Enquirer: 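Pasting in a structure now, in structure tokens, and then I'll have a few things to ask.
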Amino acid sequence: MISYEELGARIIISFGDGSIFITESTLWGIVVAVVLAVLGIWLGSGLQKIPKGKQVIAELIVGWIYKFSDQNLGKENRCYAPYIGTIFGFILLGSSLGIFGIRPITASLNVTAALAALTFLLIQTSAIRTHGLKGRLKEMCEPYPFMFPLEIIEACTLPVSLALRLFGNILGGLIVVELWMHFMEYLSSLVCDIPFLRAVTVLPINAFFDMFEPVIQTYIFTLLTMLNLYTAIKVTESHGQLAHDRK
């Protein structure tokens with residue numbers, strides 16, 4: 001039987017009476033961030049006018065990120081492309097740790113909630129910066145003032161749905177793999193003491209949940225981030241233009 005306590009991130013380091021601790025999700029999240037930072041610095045060093053070697057790879061990655069951002073945010077909003085590329089790489093690598101036998105960091109609600117909170121703050125601050133706090137509040141009251149509470153609920157629902165969607169899908173895949181491995185171990189025990197079926201039948205499932213599923217969930221998270229960001233910017237920009245025309 002699978003213990004539900006094993007589904008959560010393990011505590012790696014604890015301090016004092018144990019009320020302060022570092023989980024494996026936090027630890028591997030730091031490792032993923034460091035790896036991405038080192039990789040980015042290495043790919044971005046020694047740039048030349050005529051790209052060759054690692055610079056070709058770097059330009060392909062950066063080019064794809066900016067193209068992906070342009071398609072959903074517009075070229076006029078390219079300033080958000082670095083953020084989109086960062087969360088894409090972080091979520092993709094953090095969700096694919098199962099390939100190396102490590103628990104994916106996005107199987108922790110704390111991690112996905114933090115990522116969703118960053119997206120929420122980015123959307124709201126961008127809207128306020130574009131049109132001002134007063135304009136943002138006015139826009140949330142349109143077309144009728146009683147829409148304001150509904151707009152507040154809608155704005156707060158976005159980070160919740162982003163966090164739960166990513167967390168639920170990655171954790172669900174983790175549970176499915178564990179259940180399948182235990183089932184294969186049981187079937188193997190009917191033949192011999194060696195769980196040989198675990199080493200064979202689990203490969204296709206690992207390929208899906210540790211490789212294909214992370215790509216899908218990363219794409220969905222970043223796409224929803226850009227779509228909601230674009231909606232907020234587009235609305236505020238239109239209001240900003242009207243205010244300018246009135247002057």
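What you see is a predicted model; the values in this text were computed from it and never measured.
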Enquirer: Any non-hydrogen side-chain atom of Ile233 less than 4.5 Å from a side-chain atom of Asn77?
Expert: yes
Enquirer: Can you name the closest pair of heavy atoms from Leu97 and Pro104 and give their distance?
Expert: CB-CA, 4.2 Å
Enquirer: For the hydrophobic clusters of this structure (ILVMFWY residues joined by side-chain heavy atoms under 4.5 Å, transitively), does one cluster hold both Met181 and Ile205?
Expert: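 They do share one cluster, since a chain of ILVMFWY contacts under 4.5 Å joins Met181 to Ile205.
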Enquirer: With side chain to side chain contact (heavy atoms under 4.5 Å, CB included) as the criterion, how do Leu162 and Thr119 come out once you've worked through the C-alpha distance, each side chain's angles and the decisive distance to 0.1 Å?
Expert: CA-CA 9 Å; Leu162 285 176; Thr119 290; 3.9 Å; yes
Enquirer: Rounded at 0.5 Å granularity, tell me how far NZ in Lys67 sits from NZ in Lys75.
Expert: 10.5 Å
Enquirer: Side chains of Tyr83 and Leu118, heavy atoms from C-beta outward: is any pair under 4.5 Å?
Expert: yes
Enquirer: Walk me through it: do Met226 and Gln71 pass the test side chain to side chain contact (heavy atoms under 4.5 Å, CB included)?
Expert: CA-CA 10 Å; Met226 288 187 290; Gln71 291 174 344; over 6 Å; no
Enquirer: Might you point out which heavy atoms bring Val160 and Cys156 nearest each other, and give the distance in Å?
Expert: CG2-O, 3.4 Å
Enquirer: Measuring from atom CD1 of Ile84 to atom CG of Asp70, what distance do you get when rounded to the nearest 0.5 angstrom?
Expert: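 One finds 11.5 Å between CD1 of Ile84 and CG of Asp70.
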Enquirer: Where do Ser161 and Leu158 come nearest, in terms of heavy atoms and distance?
Expert: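 Looks like OG-O, 2.8 Å.
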Enquirer: Any donor and acceptor pair, going by atom type alone, linking the side chain of Ser96 with main-chain N or O of Leu93 inside 3.5 Å?
Expert: no
Enquirer: Side chain to side chain contact (heavy atoms under 4.5 Å, CB included) for Ile170 and Phe209? Distances and angles first, verdict last.
Expert: CA-CA 8 Å; Ile170 301 301; Phe209 288 108; over 6 Å; no
Enquirer: So if you build clusters from Ile, Leu, Val, Met, Phe, Trp, Tyr with side-chain heavy-atom gaps below 4.5 Å, do Ile91 and Ile102 land together?
Expert: yes
Enquirer: Can you get from Trp180 to Phe212 by hopping between Ile, Leu, Val, Met, Phe, Trp and Tyr side chains that sit under 4.5 Å apart?
Expert: yes
Enquirer: Within this structure, what is the CG-CD distance for the pair Leu229 and Gln124, rounded to the nearest 0.5 Å?
Expert: 10.0 Å
Enquirer: Would a single hydrophobic cluster contain both Val32 and Phe100, if residues Ile, Leu, Val, Met, Phe, Trp and Tyr are joined by side-chain heavy-atom contacts under 4.5 Å?
Expert: yes
Enquirer: Within the distance-only criterion (no hydrogens, no angle test), does the side chain of Ser69 pair as donor or acceptor with the backbone N or O of Tyr66 below 3.5 angstrom?
Expert: no
Enquirer: Work out which heavy atom in Gly46 is nearest to a heavy atom in Gln55; give both atom names and the distance.
Expert: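 In this case the closest contact between Gly46 and Gln55 is O-OE1, 4.2 Å.
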Enquirer: Shortest non-hydrogen contact from Leu47 to Leu43?
Expert: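 Looking at all heavy atoms of both residues, the closest pair is CD2-O, 3.9 Å.
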Enquirer: Would you please say whether a donor-acceptor pair under 3.5 Å links the side chains of Thr106 and Ser95?
Expert: yes
Enquirer: Below 4.5 Å, heavy atoms only, C-beta onward: do Met184 and Leu187 meet side chain to side chain?
Expert: yes
Enquirer: Examine distances only and state if a side-chain atom of Arg103 and a backbone atom of Ala107 form a donor-acceptor pair shorter than 3.5 Å.
Expert: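 Yes: the side chain of Arg103 pairs with the backbone of Ala107.
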Enquirer: Taking Phe88 as the fixed residue, which of Tyr219, Trp64, Tyr80 is the one that meets the ring-ring contact (aromatic ring centres under 6.0 Å, His included) rule?
Expert: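 When Tyr219, Trp64, Tyr80 are each tested with Phe88, the ring-ring contact (aromatic ring centres under 6.0 Å, His included) holds only for Trp64.
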Enquirer: Does the side chain of Thr225 pick up a donor-acceptor pair with the side chain of Thr222 at under 3.5 Å?
Expert: no
Enquirer: When you look at Leu179 and Val176, which way does the side chain to side chain contact (heavy atoms under 4.5 Å, CB included) test go after all the steps?
Expert: CA-CA 5 Å; Leu179 289 173; Val176 169; 5.7 Å; no
Enquirer: Using modelled atom types only, decide if a donor and an acceptor are shared between the side chain of Asn72 and the backbone of Phe68 within a distance under 3.5 Å.
Expert: yes
Enquirer: Taking atom CD1 of Ile22 and atom CH2 of Trp28, what is their separation to the nearest 0.5 Å?
Expert: 14.0 Å
Enquirer: I'd like to know if Val62 and Phe90 are part of one continuous hydrophobic network [Ile/Leu/Val/Met/Phe/Trp/Tyr, side-chain heavy atoms within less than 4.5 Å].
Expert: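 Different hydrophobic clusters.
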Enquirer: Between the main-chain N or O of Ile105 and the side-chain N or O of Ser108, is there a donor-acceptor pair closer than 3.5 Å?
Expert: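 Side chain of Ser108 to backbone of Ile105: no pair is present.
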Enquirer: What's the spacing between Phe167 CZ and Leu115 CG if we round to 0.5 Å?
Expert: 13.5 Å
Enquirer: Rounded to the nearest 0.5 Å, how far does OG1 of Thr218 lie from CG of Leu92?
Expert: 4.5 Å
Enquirer: Of all the heavy-atom pairs spanning Leu73 and Tyr230, show the shortest one and how long it is.
Expert: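 Heavy atoms only, the tightest pair is O-CD1, 3.6 Å.
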